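Remember, predicted model here, so these are calculated numbers, not experimental data. Chain letters run A, B, ... following the sequence lines, proteins first and then strands; every chain starts at 1.
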6 protein chains.
Amino acid sequence: MSMAVRNIRRVDPAVIEGFEGIGVATIHEAQGRKGLLASFMRPIYRPVHIVGCAVTAEMAPGDNWMLHVATELCQKGDVLVAAPTSPCEDGYFGELIGTQLQARGAAGLILEAGCRDVAELTKMGFPVWSKAIFAQGTVKETVGNANVPIVCAGQLVNPGDLIVADDDGVVVVRRKEAAGVLAASRDREEKESKSRVRYQHGESSLDVANMRGRLAERGLKYVDGPLGDE
Amino acid sequence: MSMAVRNIRRVDPAVIEGFEGIGVATIHEAQGRKGLLASFMRPIYRPVHIVGCAVTAEMAPGDNWMLHVATELCQKGDVLVAAPTSPCEDGYFGELIGTQLQARGAAGLILEAGCRDVAELTKMGFPVWSKAIFAQGTVKETVGNANVPIVCAGQLVNPGDLIVADDDGVVVVRRKEAAGVLAASRDREEKESKSRVRYQHGESSLDVANMRGRLAERGLKYVDGPLGDE
Amino acid sequence: MSMAVRNIRRVDPAVIEGFEGIGVATIHEAQGRKGLLASFMRPIYRPVHIVGCAVTAEMAPGDNWMLHVATELCQKGDVLVAAPTSPCEDGYFGELIGTQLQARGAAGLILEAGCRDVAELTKMGFPVWSKAIFAQGTVKETVGNANVPIVCAGQLVNPGDLIVADDDGVVVVRRKEAAGVLAASRDREEKESKSRVRYQHGESSLDVANMRGRLAERGLKYVDGPLGDE
Amino acid sequence: MSMAVRNIRRVDPAVIEGFEGIGVATIHEAQGRKGLLASFMRPIYRPVHIVGCAVTAEMAPGDNWMLHVATELCQKGDVLVAAPTSPCEDGYFGELIGTQLQARGAAGLILEAGCRDVAELTKMGFPVWSKAIFAQGTVKETVGNANVPIVCAGQLVNPGDLIVADDDGVVVVRRKEAAGVLAASRDREEKESKSRVRYQHGESSLDVANMRGRLAERGLKYVDGPLGDE
Amino acid sequence: MSMAVRNIRRVDPAVIEGFEGIGVATIHEAQGRKGLLASFMRPIYRPVHIVGCAVTAEMAPGDNWMLHVATELCQKGDVLVAAPTSPCEDGYFGELIGTQLQARGAAGLILEAGCRDVAELTKMGFPVWSKAIFAQGTVKETVGNANVPIVCAGQLVNPGDLIVADDDGVVVVRRKEAAGVLAASRDREEKESKSRVRYQHGESSLDVANMRGRLAERGLKYVDGPLGDE
Amino acid sequence: MSMAVRNIRRVDPAVIEGFEGIGVATIHEAQGRKGLLASFMRPIYRPVHIVGCAVTAEMAPGDNWMLHVATELCQKGDVLVAAPTSPCEDGYFGELIGTQLQARGAAGLILEAGCRDVAELTKMGFPVWSKAIFAQGTVKETVGNANVPIVCAGQLVNPGDLIVADDDGVVVVRRKEAAGVLAASRDREEKESKSRVRYQHGESSLDVANMRGRLAERGLKYVDGPLGDE
């Protein structure tokens, strides 16, 4: 019942590289508002931005054994994505596994559980998005799975899917959709960049995005005011 | 049923200016411990301090349309205060609306929902107090209200009320009470400033604030100790 | 029913000093994974590390009177540990009591409630671990206890117990166990330091900590992959 | 600063009576989806349905004194609505105040805090909607206000506003809007009653409410399926 | 981007029938401790037990339109499983859609959002497991998907997967694994039934399940006690 | 480090019996408002009332092994009190261990974790107060402690302490204080019984408990009203 898969299909390196600097919010919009992990997943330091392919770990509650197993499966640029099989905030991860991941060139860790040694990890520059910061230790008694599809913070993550994470949170992009989402993200960035200039010059999105007609149609009335006394 | 009010009564600019640098905790005490928004309203960066008049937006869950409408109603120095009609953590706000608000001279945003693009907003220096940081997008399908009284994070906020927000949170001061609360806040600051000097010299608030008698009266006994073995 | 104990037994100063720089996660592991306060106890600024003996305060909800009483009982190096008798996030503590504690040489405050004036406390360099940041004021009407055993954030804390707090959270060490835990913590640090070097050179904890045999024994199978199409 | 208002304007008794048996969800819809208290307000027993005019109490955290004051202000049929000035789950209310309220003919209690003696209150048939069930006692040291506007569970409640509460939760209707909302609620009930019969006979709301066209217009495509293998 | 799939593959009716009366906890164990939805999914009444094939709905926050669409796709015995694309507790479902589902013979609803009309649904005997009970209404403006794989309460649910729900919560069983899990569940029930008789006669699981040796091996020591004075 | 203590000191059976029928709220008040477990501890069915001596279990997260060990240490009338060493909602307990406890005559279980098989336990009449209802299974890999002092739901519980639990929650009474608390509880009940009769006849606690003078002294003003227009 317990399995670690050594090889996975990854996203084309050129596509991964293309996502450098593109924000989670943009990507999430560009792929049709899907793939966002829950808002409780927060980076241990800011600002931060990473992109890479998911190596996954499914772990028992209070047991970080599979994190060690999955760490060894990471290649340069990968993002380790780990979740317990039932909710747990224990400190599954600290600077010792962080040192191993950094030595292997991993880009970061997405952990639906607790992280510890956050001062050291910050100093090392190894980024983690976690549900909690908690020094509570874990055991190594129960095996789980590595590089199988998992649900992490409300989203299905397959091994090899693309992960982008920044100050806003974490988004997963399906491996086969990554190139398309990259193109759509760039389009969106370009379009936003034009709007931004107009906004900087004082224009309103009601005009820039042509909202006035639809607002009126849906029933919005403007009144002069002020109303009442208060 | 859906309305945007163009003009509102604002607090006297001299009074607004007077609040510069006065902390939320002081103001909250000075006005009789009322008007504080819930503790889940946190600034996206620190340190930060703003003061301004409320422009309000009441929005549907997962729909940020009225934020665009209310943005256009903001004048220099205003604080936009926005809440959904039912609890929602979606990312209603990012740097594009932020750019519009900043271009109009707005002081900041108080948002009982999610905020995104926090790295960009931090770089721009546009402050937001929100319930969550979440990249989840919203739609523009349902109209609501702008510049009507709303409940935001547990407090009634009327358009034109004074908003002060800092690292500790957010407080609302009724428009007509603003001048009085300013005077009371300054009194409190002056009094605290004298106590602070005495505390810095090692005195105890038990003496400075004359608490010893009342403590004894209410039943506090001092014992020498140590007690037990542990 | 209400009592303030003036004198308590403290940990040997040499032992306290020995804990300087040793992390909460290490200590927690070294004493057998116990003594950790709940993960909602977060420092108001980072990075931070303190160690000292507990002076305790048991307070009524929404009433910070005993915090004033306990402050006077603090000596140089002590850590004030305070909890309400029922859950409360009110702002029990701000820079005025902070000034008193700092004047007395206290190392910091552990508060299972709300903290305010966090900008000032950060500027002063007085560290607080709290459950919330909230400007909501408290009253001074009901007495409680000082320097009695309390439960704070899920852990029993006796007056004179050792408290260590850092970016990861807060741990309590029993007074009589402090010297032993210090030795065990140093052992652990030394051992980890050797592992760290091996990890930096690319070795895996599966080898360094000899996990491969036990993993197989517990049923972990490696498969080559990739699996399926996705 | 502390005030108890003896007389308030109430809703016309005929209108109150008209709301008997009309559900909270129906009323909430009929008045334009507003006025609903937060979902954490739950009845201590089910099934239950009450309607009456609000008598309000604003209380200090952990202090139920104003509940006693407000109880005396209740008349036959009133609903007591009470909230602390900062979040608190203490057991403000039990069967002794419940006995007083029942003796005065009050219809029930809406309490944004903790309730205790729930077995006795259930046996007595005195309904309470509360945020928590918690035996934790309160003190009587700090005065507050009675029969002033308060925010309870996220909604503004004025003295004399109409309160309806059932298994689904609690809704507030403005005093002056009560007659209109009653008429709208009855219309809605009648309309729903016709739809219900059609649904019972197997019709779909897609037809009964004419949704098919708009669904297609907004982009919904039907595909035959089944899709994939899984 | 928006799709409703009309036909799905379902589990063999004989297998579905076989699960009648088998508890969620048993099935969850029998399939290797996986597939359990989050603990916040609670039935609106108890006792209750259902089993059926999943028809799925992916909905916008605060928008229940796809629930209407998915309802029409349900056949006799199906279980509707619905989740919003971002967290939302609004009352997506009440007795009117419930009447439609019941008329179609659906077994129940699993809803990661709010349910309303719980008194009527209880009277009708239509079971719902939901995240909240909340009368807050929804709109019908944004389309989503029906009968596509969704993540509901932390678990991936494919259309046609088997759903079993009872007082303990909700479990999903993959369509192709259903027959095997049924056999394993029956084995487990039989084995437990034998243990139960021994427990009723006073035997301990330490003997029945042969735990004593392993407990000692892992380091458990028995001491006579009592310890200390307290 | 892992220990099970066979013999503990218990409260005098006559004292235990004396607590039959006395509510948690009364006992909590009678012992000076202390000893109450957190409000998230809820009974799986109501109404219910138990009293007995604590047998304690300290367990690893996601591991119920020590529950089996502690079950065997229970005698007729005991209450098993169990908590994990870090927060966990897994289903540690179901009807099979329940059958063992019932066969030994245990009065009930207090569990700061998840409970499953709640339908069966309800039918058996074996009461449990838990933090969650969750079918998620646990492992048996890590040993802990039995009959040592533990913190459960925020309260220190020593083996042999008295536990009373009812619809309102759970309270712990120190073994040596039990007789005194019983006397104080009876006094309180008698006094309340007299007040109740007066309340049933329409008197107000403002008179019965002589509050009017103190209320005025603390600053409460009565005004006639109604105020304003609304």
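- Heavy-atom distances place the side chain of D:E29, and not its backbone, under 4.5 Å from chain E.
- Checked by atom type and distance alone, the side chain of D:R33 pairs as donor or acceptor with a backbone atom of E:T138 at under 3.5 Å.
- Annotation: the span from E:K140 atom NZ to D:R214 atom CZ amounts to 9.0 Å, rounded to 0.5 Å.
- Looking at heavy atoms from C-beta onward, E:H68 lies out of side-chain contact with D:S204 at the 4.5 angstrom threshold.
- Contacts with chain E were tallied for D:R212, D:H49, D:M211, D:E192; D:M211 has the most, counting heavy-atom pairs under 4.5 Å.
- Rounding to the nearest 0.5 Å places CZ of D:R46 at 7.0 Å from CD1 of E:I44.
- Both the backbone and the side chain of E:T99 come within less than 4.5 Å of a heavy atom in chain D.
- Looking at E:T122, there are no atoms closer than 4.5 Å to chain D (heavy atoms on both sides), in backbone or side chain.
- Note on D:E203, D:R198, D:R42: by heavy-atom pairs under 4.5 Å with chain E, the leading option is D:R42.
- Note that OG1 of D:T26 is 6.5 Å distant from CG of E:D117, once rounded to the nearest 0.5 Å.
- Taking the side chain as every heavy atom from C-beta outward, D:V24 and E:R116 never approach each other to under 4.5 Å.
- Looking at D:L37, only its backbone comes within 4.5 Å of chain E, counting heavy atoms on both sides.
- When all heavy atoms of E:A103 and D:Q200 are compared, the pair lying nearest together is CB-O, 4.0 Å.
- Looking at heavy atoms from C-beta onward, E:Q100 lies in side-chain contact with D:S205 at the 4.5 angstrom threshold.
- Counting non-hydrogen atoms of other residues, nucleotides and ligands closer than 6.0 Å to CD of D:E17 gives a total of 12 or fewer.
- Counting all heavy atoms, side chain and backbone alike, D:A25 lies closest to E:A135 at CA-CB, 3.9 Å.
- Under the 4.5 Å side-chain criterion, counting only non-hydrogen atoms from C-beta, D:L227 is in contact with E:M3.
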Could you tabulate the donor-acceptor pairs under 3.5 Å formed by side-chain atoms of residues 50-58 of chain D, not counting sequence neighbours?
from  : atom 1 : to     : atom 2 : distance (Å)
D:T56 : OG1    : D:N147 : N      : 3.2
D:T56 : OG1    : D:V148 : N      : 3.1
D:T56 : OG1    : D:V148 : O      : 2.6
D:E58 : OE1    : D:N145 : ND2    : 2.9

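- For E:E89, the part sitting under 4.5 Å from any heavy atom of chain D is the side chain, from C-beta outward, and nothing else.
- Of all heavy-atom pairs spanning E:E72 and D:L206, the tightest one is OE1-CD1, 3.3 Å.
- The choice from E:R104, E:E95, E:K123 that makes the most heavy-atom pairs within less than 4.5 Å of chain D is E:E95.
- Using a 4.5 Å heavy-atom threshold, the side chains of D:L220 and E:M66 count as touching.
- Note on E:I8, E:L96, E:L73: by heavy-atom pairs under 4.5 Å with chain D, the leading option is E:L96.
- The line from CG of D:D166 to CD1 of E:I133 is 10.5 Å long, rounded to the nearest 0.5 Å.
- D:M41 contributes atom CE, which lies 11.5 Å from atom CZ of E:F134 (distance to the nearest 0.5 angstrom).
- D:A38 touches chain E through its backbone: at least one of N, CA, C or O sits under 4.5 Å from a heavy atom, while the side chain does not.
- Salt-bridge check for E:E120 with D:R196: failed, with every basic side-chain N at 4.0 Å or more from each acidic carboxylate O.
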